[in-house]
Amino acid sequence: MRDRRRCIDVRLRRGHRLAAALAVSGLLFGTAACGSGSGSARAGDPNTLEVWTRSDPDSAQTYKRVFAAFTEKTGIKIDYQPVMNFDQQLQSRASTKDLPDVMINDTALMGSYQGQGLLKPVTPASIAGHDEITAKSWSSTVGRDGRHYGIPYSRQAMTLFVRKDWREKLGLPQPKTWQDTLALAKAFATRDPDGDGRKDTYGMVVPGSAQNGYVAWWGASWLWQGGVRIVEKEGTGYRPAMDSAAALRTVTWMKDNLFCGDNGVIQPSALTSVTANTTNFQDGNAGMYLTGPYNISTFDKALGKATYEVLPAPAGPAGNDVLADGENIYFGAKTGKAKQEQALAAFLISPEGQTLAMTGDHQPVVRIPVNSTLDAAKVRGDARWSVVQKAYEDDSQQFPNAPDWAPIKQDTADSLNALFTYCGSDVKAGLKELNDTLAGDLKDQELLK
């Protein structure tokens, strides 16, 4: 098993070095070779911006409404492209040196995009309303050279969704600690909370697949609460931190109590589940789900608003920090249209733009507003959003944004998934191997200290 994973690690690092070589050779879009592609229909129109978002059809409808309001207000037209396989199409466009003018995508991708030269640096003071964004949100846009490469657009933090009706039927309190959570999960799995006389319920839902790094994304909140950091900042670089005593305690606790043992705490398909097929909570056969607030509207429709509750994540040995993430606005690395791009960014972070993106009949694309004058619960008329906003503001940690986080997350997910799959696995040895792999990832990015 270890030999197979070492081969995977080597292939991954070779892929990362290939990406770096492509960037150096000019196949990726370098800032030194800026310019719009001659084949782009909108390239010659200074009053049209090509904007990409990573969106499904429902959330794209919200973006369309936001962009229509911007055009009506400013006269600047938007050539809007909702893209699902965002990174693949972005690399294709980068090879032709014709990037979109503006992109909205995950905060954790900034380090990768910056490293490939896909982004223009941003001066916060050039964006009207920049002072209404908190320093915490702005910090997630700082690249390895100390410059900003994005504008915060939306933020979110993980919270615990709990079947309130089941919990109250069993006479159990809201969970405040890991032990409370485990006790409640076991009760949901064994005490027939849905009253159908069958053992067909599970304690909690887990997207534990290694695919696209899901188990590392979901597991990050548990790691933070256990006092673990996947990598830690050290001077101008980073060092891996998954061979610590805290990591050994935390990952062992997760393996022994959540993934192993015949207690039905998690759904049987957990280790192959991604968020798209992790539907047990909304399907009505699981009692808890640590997840993002974008699910609130889905669960309201599937279960009914009164059926479940949104709670702060229960505390672990080191506190109750959860994973925070979100989306940034990025400017493609090309010349021209700076004023139009700045105008769009200013509208998107304004109270008007943020409110439009948080409301309406379709999936909201702003969860927690980055504009500090807005309150998510008041905008939506829903007190549950105050739980999410407080979690982000007071009890959250983001993935480091300067490194290319994709290989770090993927290697962490591969290791955790393997340790959780084999209940007899040696956690200490597995984490040591992971730490060595992460050191290789950081070395490839010239960030290892």
> Quick check: does any side chain N or O of S137 sit under 3.5 Å from a backbone N or O of T134, one acting as donor and the other as acceptor?
Replying inline: no
> So do F70 and L344 actually touch side chain to side chain, heavy atoms under 4.5 Å?
Replying inline: yes
> If you take all heavy atoms of I368 and A376, which pair is closest and at what distance?
Replying inline: CD1-CB, 4.1 Å
> What heavy-atom pair brings P369 and Q389 nearest, and what distance separates the two atoms?
Replying inline: CD-OE1, 4.3 Å
> Hey, is the main chain of A247 close enough, under 3.5 Å, to the side chain of S244 for a donor-acceptor pair?
Replying inline: yes
> What residue among T279, N285, N280 forms side chain to side chain donor-acceptor pair (under 3.5 Å) with D283?
Replying inline: T279
> Under 3.5 Å, is there a donor-acceptor pair between the side chain of N85 and the main chain of Q88?
Replying inline: no
> Is there a donor-acceptor contact under 3.5 Å linking the side chains of S95 and Q91?
Replying inline: no
> In chain order, what residues pass the side-chain contact (heavy atoms from CB on, under 4.5 Å) check against A357, with sequence neighbours excluded?
Replying inline: V66, Y153, V365, V366
> W218 and M254: which non-hydrogen atoms are nearest, and at how many Å?
Replying inline: CZ3-CE, 3.9 Å
> What's the verdict on side chain to side chain contact (heavy atoms under 4.5 Å, CB included) for D382 and K305, showing C-alpha distance, side-chain angles and the deciding distance?
Replying inline: CA-CA 10 Å; D382 186 341; K305 187 174 179 179; 4.0 Å; yes
>> Looking only at the aromatic ring of each residue, does the gap between the centers of F299 and F281 stay below 6.0 angstrom?
In response: yes
> Is it the case that more than 12 heavy atoms not belonging to K428 sit under 6.0 Å from its NZ atom?
Replying inline: no
> So F399 and I230, side chain to side chain contact (heavy atoms under 4.5 Å, CB included) or not? Walk me through it.
Replying inline: CA-CA 9 Å; F399 288 137; I230 298 173; 4.2 Å; yes
> Sub-3.5 Å donor-acceptor pair from the side chain of D192 to the main-chain atoms of G197, do we have one?
Replying inline: yes
>> Any heavy-atom pair between the side chains of W138 and P152 that's under 4.5 Å?
In response: yes
>> Restricting to side chain to side chain donor-acceptor pair (under 3.5 Å), what partner residues turn up for S396, sequence neighbours left out?
In response: K136
>> Let's go through E50 and W52 carefully: what are the C-alpha distance in whole Å and the side-chain angles of both, what is the deciding distance for side chain to side chain donor-acceptor pair (under 3.5 Å) to 0.1 Å, and is it a yes or a no?
In response: CA-CA 7 Å; E50 183 182 9; W52 284 19; 3.0 Å; yes
>> Could you check whether any side-chain heavy atom of V379 comes within less than 4.5 Å of a side-chain heavy atom of T359, counting everything from C-beta outward?
In response: yes
>> Within this structure, what is the CG-OG distance for the pair N105 and S112, rounded to the nearest 0.5 Å?
In response: 10.5 Å
>> Would you say D414 and Q410 are linked by a side-chain donor-acceptor pair, where the criterion is simply a distance under 3.5 Å?
In response: yes
> Under the 3.5 angstrom rule, does the side chain of T62 hit a backbone N or O of Q363 as a donor-acceptor pair?
Replying inline: yes
> Distance-only, no hydrogens or angles: does the N417 side chain make a donor-acceptor pair with backbone N or O of L271 under 3.5 Å?
Replying inline: yes
> Q81 and D79: side-chain donor and acceptor closer than 3.5 Å?
Replying inline: yes
>> Please evaluate residues Y113 and Y149 with respect to the criterion ring pair (Phe, Tyr, Trp, His ring centres under 6.0 Å), reporting the C-alpha separation (whole Å), side-chain torsions for both, the decisive distance (0.1 Å), and the verdict.
In response: CA-CA 9 Å; Y113 291 169; Y149 284 88; over 10 Å; no
>> Go through it in stages, so that I can follow the logic: the residues are V205 and I266, the test is side chain to side chain contact (heavy atoms under 4.5 Å, CB included), and I'd like the CA-CA distance, side-chain angles, deciding distance and then a yes or no.
In response: CA-CA 6 Å; V205 180; I266 61 176; over 6 Å; no
>> Can you confirm whether R54 is buried at CZ, in the sense that more than 12 heavy atoms of other residues, nucleotides or ligands lie under 6.0 Å from that atom?
In response: no
> About how many Å separate CG of L119 and NE2 of H148, when rounded to the nearest 0.5 Å?
Replying inline: 14.0 Å
> Does the side chain to side chain donor-acceptor pair (under 3.5 Å) test come out yes or no for D300 and S297, once each step is laid out?
Replying inline: CA-CA 5 Å; D300 281 357; S297 60; over 6 Å; no
> Taking the six-membered ring of Y238 as reference, does the NZ or CZ atom of K233 fall below 6.0 Å from its centre and within a 45° cone about the axis?
Replying inline: yes
> Got a donor-acceptor contact below 3.5 angstrom from the N435 side chain to the M242 backbone?
Replying inline: yes
> Can you name the one residue among R155, Q398, Q156, R367 that meets side chain to side chain donor-acceptor pair (under 3.5 Å) with D325?
Replying inline: Q156
> Is it true that a side-chain atom of Q397 and a backbone atom of A324 form a donor plus acceptor pair closer than 3.5 Å?
Replying inline: no
> Which atom pair, heavy atoms only, marks the closest approach of A286 to W166?
Replying inline: C-CZ3, 3.6 Å
> How far does CD of Q114 sit from OG1 of T141, to the nearest 0.5 angstrom?
Replying inline: 10.5 Å
>> For the backbone of Y330 and the side chain of N328, can you confirm whether one donor and one acceptor N or O come within less than 3.5 Å of each other?
In response: no
> Passes side chain to side chain contact (heavy atoms under 4.5 Å, CB included), W253 versus W178? Steps please.
Replying inline: CA-CA 10 Å; W253 190 95; W178 281 7; 3.8 Å; yes
> Are a donor atom and an acceptor atom from the side chains of N371 and Q354 found within less than 3.5 Å of each other?
Replying inline: no
>> I'd like to know if the side chain of N212 pairs up with that of Y214 as donor and acceptor (distance under 3.5 Å, no hydrogens or angles considered).
In response: no
> Does atom CG of D361 have more than 12 heavy-atom neighbours, drawn from other residues, nucleotides or ligands, at distances under 6.0 Å?
Replying inline: no
>> Under a 3.5 Å cutoff, is there a donor and acceptor pairing between the side chains of S55 and Y63?
In response: no
>> Could you tell me if N295 and T298 have a donor-acceptor pair between their side chains, going purely by distance under 3.5 Å?
In response: no
> Where the side chain of D404 meets the backbone of Q445, is there a donor-acceptor pair that is under 3.5 Å apart?
Replying inline: no
> Can a donor-acceptor pair be found between the side chains of T53 and Y80 at a distance below 3.5 Å?
Replying inline: yes
>> Tell me the closest heavy-atom pair linking V122 and I127, and the distance in Å.
In response: CG1-CG1, 4.4 Å
> Where do P293 and F161 come nearest, in terms of heavy atoms and distance?
Replying inline: CA-CZ, 4.3 Å
